[in-house]
There are 2 protein chains.
Amino acid sequence: MSPPKPSPPRSAEQPCPVARALDVIGDRWSLLIVRDAFDGVRRFSDLQRSLGMARNILADRLHKLVEAGILKTQAASDGSAYQEYVLTPRGERLFPVVVALRQWGERHLFARGERHSILVDRRTGETLAPMTPTARNGEAVAAMDTEVRKVR
Amino acid sequence: MSPPKPSPPRSAEQPCPVARALDVIGDRWSLLIVRDAFDGVRRFSDLQRSLGMARNILADRLHKLVEAGILKTQAASDGSAYQEYVLTPRGERLFPVVVALRQWGERHLFARGERHSILVDRRTGETLAPMTPTARNGEAVAAMDTEVRKVR
């Protein structure tokens, strides 16, 4: 028997959107699957090869992502019998999260000159601009200029 | 004995910045600690109360975040004997990740009218603009307009 897992706070009852988001996608595998989905990887076997994860864990995470409305299944685009997993609109709206993670990783987790994959605008071949939280008027907002207002 | 854990791909050898970022902060607790740090929660006991997590797990995650250069310890700002955990510049650059997670959670994980905490620009009291990946010229870039160029 496995030891009891630490029980996370039940964020479905919590008013913090960050906590709820992490309840749904806050494990490493789920976000790597989402990353691959953005990259066009659609089939179980291709995901498994790309991620190198155990089949049962991949199946579990795919099931959860479908349940959470982030992925949906569809018939294979080539008419074969395979099932494909594709992002829903809700899943596609995770793009800013994935880009922000990428940019932070690029900046902090590679040695100078160390090669890494890059995300480019395919129309220009250029990498994207750094993601910056901004005010409604378009001005950059630093963390120190913000505060969380709790409800109740 | 606990069952063997699935071994994640060793992303320290992988060229994807998203995978490396998730190696460092890709568990739910770590990002919740970072969220609290942005919110000014600095002491072990306050973090423990805020997050409702077991002391040993909190101690482990704090240790890892310090080791990863995301948090640092410093003497308490009020001159007491307490130790405080504060974000380093590297940690502060996770702000776009936390804001992107928050905005996605706000949009998709709350019922209409359900109250949730909000992040505001304290100078105006307004919430931030939606985070949008943009090209170097400032134009919004959709996921479908991008591609990952793998190295080697």
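What you see below is based on every heavy atom in this structure, not just the backbone, and it leaves out hydrogens, waters and symmetry mates.
Residue A37(B) does not touch chain A at all, counting heavy-atom pairs closer than 4.5 Å. Residue A140(A) touches chain B through its backbone alone, counting heavy-atom pairs closer than 4.5 Å. With a threshold of 4.5 angstrom between heavy atoms, F110(B) approaches chain A through its backbone and through its side chain.
Below 4.5 Å, heavy atoms of chain B meet heavy atoms from I70(A), all part of residues 63-79 of chain A. Of residues 93-104 of chain A, those residues lying under 4.5 Å from chain B by any heavy-atom pair are R93(A), L94(A), F95(A), P96(A), V97(A), V98(A), V99(A), A100(A), L101(A), R102(A), W104(A). Interface with chain B: from residues 125-133 of chain A, residues G125(A), E126(A), T127(A), L128(A), A129(A), P130(A), M131(A), T132(A), P133(A) qualify, criterion being any non-hydrogen pair under 4.5 Å.
Across all their heavy atoms, P17(A) and S117(B) have their closest contact at CD-OG, 3.4 Å.
At a threshold of 4.5 Å between side-chain heavy atoms, the hydrophobic network of Ile, Leu, Val, Met, Phe, Trp and Tyr places L62(A) and V86(A) in two separate groups. Under a hydrophobic-cluster definition in which Ile, Leu, Val, Met, Phe, Trp and Tyr are linked whenever side-chain heavy atoms come within less than 4.5 Å, directly or via other members, F44(B) and I57(B) are assigned to the same cluster.
Comment: E139(A) does not engage R123(B) in a salt bridge, judged by the lack of any side-chain N to carboxylate O separation of less than 4.0 angstrom.
The stretch residues 32-41 of chain A participates, sequence neighbours left out, in these side chain to side chain donor-acceptor pair (under 3.5 Å) pairs: D36(A)-S50(A), D39(A)-K150(B).
Side-chain atoms of R28(B) and D27(A), non-hydrogen and from C-beta on, never get closer than 4.5 Å to each other. Taking the side chain as every heavy atom from C-beta outward, H116(B) and V18(A) never approach each other to under 4.5 Å.
Interface check for chain A: of the options D121(B), N137(B), V24(B), T124(B), the most heavy-atom pairs under 4.5 Å are formed by D121(B). Taking V141(B), L31(B), L119(B), V120(B) one by one and counting their heavy-atom pairs under 4.5 Å with chain A, the maximum is reached by V120(B). Between chain A and the options I25(B), I118(B), L87(B), heavy-atom pairs under 4.5 Å are most frequent for I118(B).
The structure places CZ of F38(B) at 15.5 Å from CD of E147(A), a figure rounded to the nearest 0.5 Å.
Not a single donor-acceptor pair under 3.5 Å links the side chain of R107(A) to the backbone N or O of R90(B). Remark: the backbone N or O of H108(B) is not paired with any side-chain donor or acceptor of R20(A) at under 3.5 angstrom.
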